[in-house]
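Chain letters run A, B, ... following the sequence lines, proteins first and then strands; every chain starts at 1. None of these values were measured; they are calculated from a predicted model.
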There are 2 protein chains.
Amino acid sequence: MPVDNPAFDLDQVRRHCARCDLRDLCLPAGLDAADVERVDDIVADRTSLATGSTLYHAGSPFRALYVIKTGSLKTQAVSEGGELQILGFHLPGEIMGFDALAGERHQCSAEALEASSVCRLPYAELERICAAVPGLQRQFMRLVSREMGDDHDHMAMMGRNQAIARLALFLHSMSKRQTRLGRSADQLTLTMSRADLANYLGLVLETVSRLFGRLQEMGLIEVRRREIKILDREGLKSVGEC
Amino acid sequence: MPVDNPAFDLDQVRRHCARCDLRDLCLPAGLDAADVERVDDIVADRTSLATGSTLYHAGSPFRALYVIKTGSLKTQAVSEGGELQILGFHLPGEIMGFDALAGERHQCSAEALEASSVCRLPYAELERICAAVPGLQRQFMRLVSREMGDDHDHMAMMGRNQAIARLALFLHSMSKRQTRLGRSADQLTLTMSRADLANYLGLVLETVSRLFGRLQEMGLIEVRRREIKILDREGLKSVGEC
DNA sequence: CTCCCGCTTTGATGCGGGTCAAATGGCCGC
DNA sequence: GCGGCCATTTGACCCGCATCAAAGCGGGAG
């Protein structure tokens, strides 16, 4: 599963939360140096994932949580009837695998949308040091709570029954999430296919494609393949309100 | 907010997780008697809620989590454009308020669908004893994880674009959740209005009403107002698969 | 460079479900 | 028991999105 690249200075990438760009977004946020060190110690490894490779499969036993370091992933569940539903797209600093806790097994699969890397956190050890480091416990809860908030945004989006409102809301929420990472709010690089996006939004891919066209004609965005530039944030927001 | 009824033996209802029917579903699950006692001690109060009354409002500061003891509630969020989205229906044993942790404020409102009661868990104290009681920490995580799983079920439902599949999936998942409570799997008493249900499913209420009719004609369920009897579980399941 | 394959766009058509409208039925207060 | 109100059902119409089909477009392999 881990992809080693001997030509690369692994030590720089693999170790030390203290030097990670995401430290203020991730578990170490708010901890002092000594406690960051303790988190650092339980990170089992920092795995690289190629595009399309799977971090975990639905049904496999739960051992660890993952925090995304770079790249992006999608989570998806398959119903008994074989219907696939994409549950979310996940960006750096976000925690993954939490829905497995209740049942001891992963409830969905996670797949890399581009070359990505994640930090693996064996749950047994995380649990142990959470009890010892109160600030970590709190920050962990915040991350999980943030995931839940993202899920609620997703639901609110699926609730709109104008298709164009869904797409507008999606773009708006992606833009908002990008800013959490310190990236530009107006320049999005979508890493998922139109088919993935359509599934996520509860539409078919042709509709999504047409709607990108419509939003562009309206002067709200500029589309070039998966590169999206937001030209009129307010206008986009109002389209999102049906 | 708390409704006192002096004719009722409060002590029996209000205190003692040890005697609660939900103890195996709720936070005390898996704890020994001494630890259950410690959980008991931090339960600030066991509040009664009348139909339509609000447990917490979106935007209000976060202080406590709640576990439902009896009855049912809905959570809903209002977008900036004033659009309302029902995020979930919540049954006894489920934990509420968790999505507020990330932002210090409640992100959605919670309203009782019928006469209900909840146990209030001040978060600061819960955090404190979670660190001290490892089994509690774990069970707390399980409850939160279960909430997340329910949210994912909701998304999978919204993803189906056949309206009748959504309703069938909803009925199926409610039935499943009922069984967690030891209730009959085939007899549902819906506590939400058709309008609430429609909003939850991303449909309009007329459509929901017609679909109940369709499912009844198909011999899969029996509808009488909000009382639903499931006649053909397998058939219902296959309708849910589009 | 060229071929080929998968992703994306664009077009034409039909139907499911939204919308507007009105009737029915239960429940509560009086 | 009666009247009024709100929840729910039922009906008619029409639009938006799914469906089916085909044409661009870009990127990777050779």
Could you give the [atom1]-to-[atom2] distance, from [X] to [N], as a whole number of Å?
X: Asn199(A); N: dA18(D); atom1: CG; atom2: C1'; result: 15 Å
X: Leu197(B); N: dT9(D); atom1: CG; atom2: C1'; result: 15 Å
X: Leu201(A); N: dG16(D); atom1: CG; atom2: P; result: 19 Å
X: Asp196(B); N: dA7(D); atom1: CG; atom2: P; result: 10 Å
X: Leu211(A); N: dT9(C); atom1: CG; atom2: P; result: 11 Å
X: Arg166(A); N: dG16(D); atom1: CZ; atom2: C1'; result: 12 Å

(message) Given dA21(D), dA18(D), dA21(C), identify the nucleotide with an atom nearest to the side chain of Glu206(B).
(response) dA21(C)
(message) Mind checking if Ser209(A) touches a base, just sugar-phosphate, or nothing, with heavy atoms under 4.0 Å?
(response)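 The residue Ser209(A) makes base contact.
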(message) Regarding Arg180(A) and Asp150(A), does a basic nitrogen lie under 4.0 Å from an acidic carboxylate oxygen?
(response)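 Result for this pair is yes, salt bridge flagged.
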(message) I'd like to know if Lys74(A) and Asp196(A) make a salt bridge, using a cut-off of under 4.0 Å between side-chain N and carboxylate O.
(response)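 Counted as a salt bridge, because a side-chain N and a carboxylate O are separated by less than 4.0 Å.
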Verify the contact: side-chain N or O of [X] to OP1 or OP2 of [N], cut-off strictly under 4.0 Å; return yes or no.
X: Thr207(A); N: dC17(D); result: no
X: Arg226(B); N: dA7(D); result: no
X: Arg194(B); N: dT9(D); result: yes

(message) Rounded to the nearest 0.5 Å, what separates atom OG1 in Thr51(A) from atom CD in Glu111(A)?
(response) 9.5 Å
(message) When you measure only distances, ignoring hydrogens and angles, does the side chain of Arg214(B) come within 3.5 Å of the base of dT10(D) through a donor and an acceptor?
(response)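 No such pair is found, so the answer is no.
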(message) With a 3.5 Å cut-off and heavy atoms only, can you find an N or O donor on one side and an acceptor on the other between the side chain of Arg210(A) and the base of dG16(D)?
(response) no
(request) Estimate the overall bend of the helix from dC1(C)-dG30(D) to dC30(C)-dG1(D) from the end axes over five pairs each, rounded to 10 degrees. (result)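 Roughly 50°, once rounded to the nearest ten degrees.
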(message) Given Ile221(B), which partner from the list Leu171(B), Asp232(B), Asp186(B) fulfils the side-chain contact (heavy atoms from CB on, under 4.5 Å) test?
(response)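 It is Leu171(B); the other options fail the test.
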(request) State which residue, out of His90(A), Glu94(A), Glu114(A), fulfils the side-chain hydrogen bond (donor to acceptor under 3.5 Å, both in side chains) condition with Ser72(A). (result)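 It is Glu114(A), the one option of His90(A), Glu94(A), Glu114(A) that forms the side-chain hydrogen bond (donor to acceptor under 3.5 Å, both in side chains) with Ser72(A).
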(request) Using heavy atoms to find the nearest nucleotide of DNA chain C for Gln162(A) and Phe212(A) separately, return the residue whose nucleotide is more 5′. (result)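 Looking at the nearest nucleotide for each, Phe212(A) comes out on the 5' side.
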(message) Ring centroids only, cut at 6.0 angstrom: are Phe170(B) and His154(B) within range, meaning strictly under it?
(response)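 Not close enough - the centres of the two rings lie 6.0 Å or further apart.
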